[in-house]
Enquirer: 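Okay, here's the structure, questions in a sec.
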Amino acid sequence: MKMKTPVIGGICQSVQGRDKDRYYLIRQINADGSVDVVDGNFKKLAAPKKKNLKHLRLLPEKAESIAVKFENGSMVYDTEVYSALKAYNNPAQEQETESKDVQK
């Protein structure tokens, strides 16, 4: 299911640019039709990446706990964002970890 409107804390995938196929969390929605995105690793909360909505695929998933913190103005750490996106950006690593746990 493809979403059409961005939401703060929503997960999106870059479809164009050097960061193609990278997953991000929407930090802020700008008035000019762009959004500021972060991934907790390459694009940190201190310096979010500005992306045009045409260059993003919005996913129906949302990081609820982080979205609430963004809206309340509470402190959010890069490690929280990175952990929320870990399954999306590193699916091979996630599977390796699970298979090692099963073998032990």
Side-chain angles (χ1 to χ4, degrees):
M1 184 175 128
K2 186 176 179 183
M3 292 188 54
K4 297 190 188 259
T5 57
V7 292
I8 293 176
I11 298 172
C12 60
Q13 180 184 22
S14 176
V15 293
Q16 286 188 343
R18 283 186 275 174
D19 60 346
K20 183 178 179 185
D21 295 330
R22 188 124 189 97
Y23 288 90
Y24 292 102
L25 206 63
I26 297 174
R27 167 72 178 100
Q28 182 178 351
I29 302 168
N30 301 321
D32 63 353
S34 64
V35 292
D36 291 341
V37 294
V38 294
D39 69 356
N41 189 17
F42 298 110
K43 286 296 169 186
K44 308 232 181 211
L45 290 161
K49 181 173 183 72
K50 187 175 182 179
K51 290 286 277 185
N52 191 324
L53 283 174
K54 293 188 291 187
H55 301 158
L56 292 174
R57 182 172 67 96
L58 302 174
L59 302 179
E61 290 90 15
K62 181 178 178 182
E64 292 290 338
S65 61
I66 297 174
V68 169
K69 288 183 176 183
F70 281 153
E71 291 169 358
N72 291 340
S74 300
M75 187 68 171
V76 179
Y77 297 98
D78 288 314
T79 54
E80 292 177 86
V81 175
Y82 181 76
S83 296
L85 296 173
K86 190 174 186 180
Y88 294 96
N89 282 327
N90 303 320
Q93 259 186 354
E94 198 71 23
Q95 290 174 353
E96 285 177 19
T97 307
E98 289 173 7
S99 66
K100 286 180 184 176
D101 291 341
V102 171
Q103 291 174 356
K104 288 183 181 180

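Numbering starts at 1 and runs along the sequence shown. Since we're looking at a predicted model, the values are computed, not measured.
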Enquirer: Which atoms form the tightest heavy-atom contact between A63 and A84, and what is the distance?
Expert: CB-CB, 4.4 Å
Enquirer: State, with a plain yes or no, whether a side-chain heavy atom of I11 is found less than 4.5 Å away from one of Y24.
Expert: no
Enquirer: Using a 3.5 Å distance criterion without hydrogens, assess whether the side chain of N52 forms a donor-acceptor pair with backbone atoms of K54.
Expert: yes
Enquirer: Taking the side chain as every heavy atom from C-beta outward, state whether V37 and P48 have any atom pair closer than 4.5 Å.
Expert: no
Enquirer: Write out all pairs satisfying side chain to side chain donor-acceptor pair (under 3.5 Å) with one or both partners inside residues 28-39, taking only residues at least two apart or from two chains.
Expert: R22-D39, N30-S34, N30-D36, D32-S34, D32-K50
Enquirer: Look up atom OG in S83 and atom CD1 in I66, then write down how far apart they are to the nearest 0.5 Å.
Expert: 8.0 Å
Enquirer: Mind checking whether I26 and V7 have side chains closer than 4.5 Å, heavy atoms only?
Expert: no
Enquirer: Determine whether I8 and K62 make a side-chain contact, defined as any pair of heavy atoms from C-beta on separated by less than 4.5 Å.
Expert: no
Enquirer: Calculate, to the nearest 0.5 Å, the distance between atoms CD and NE2 belonging to Q16 and H55 respectively.
Expert: 4.5 Å
Enquirer: Quick one, E61 and Y88 - any side-chain contact, counting heavy atoms below 4.5 Å?
Expert: yes
Enquirer: Test your reading of the model: is there a side-chain donor-acceptor pair from E71 to the backbone of V68, 3.5 Å cut-off?
Expert: no
Enquirer: What residues form a ring-ring contact (aromatic ring centres under 6.0 Å, His included) with F70, not counting sequence neighbours?
Expert: none
Enquirer: As a quick check of understanding, evaluate side chain to side chain contact (heavy atoms under 4.5 Å, CB included) for D21 and Q13, giving each step before the final call.
Expert: CA-CA 6 Å; D21 295 330; Q13 180 184 22; 3.5 Å; yes
Enquirer: Looking at residues at least two apart in the chain, or sitting in another chain, which of them share a salt bridge (charged side-chain N to carboxylate O under 4.0 Å, His left out) with K44?
Expert: none
Enquirer: What I'd like to find out is whether the side chain of L59 reaches to under 4.5 Å of the side chain of C12, using heavy atoms alone.
Expert: no
Enquirer: Search all heavy atoms of V76 against all heavy atoms of V81 and return the closest pair with its distance.
Expert: CG1-CG2, 4.1 Å
Enquirer: Do K51 and D19 have side chains that get closer than 4.5 Å, going by heavy atoms?
Expert: yes
Enquirer: Do the side chain of N41 and the main chain of Y82 share a donor and acceptor less than 3.5 angstrom apart?
Expert: no
Enquirer: CG/L45 to CD/E80 distance, rounded to the nearest 0.5 angstrom?
Expert: 8.5 Å
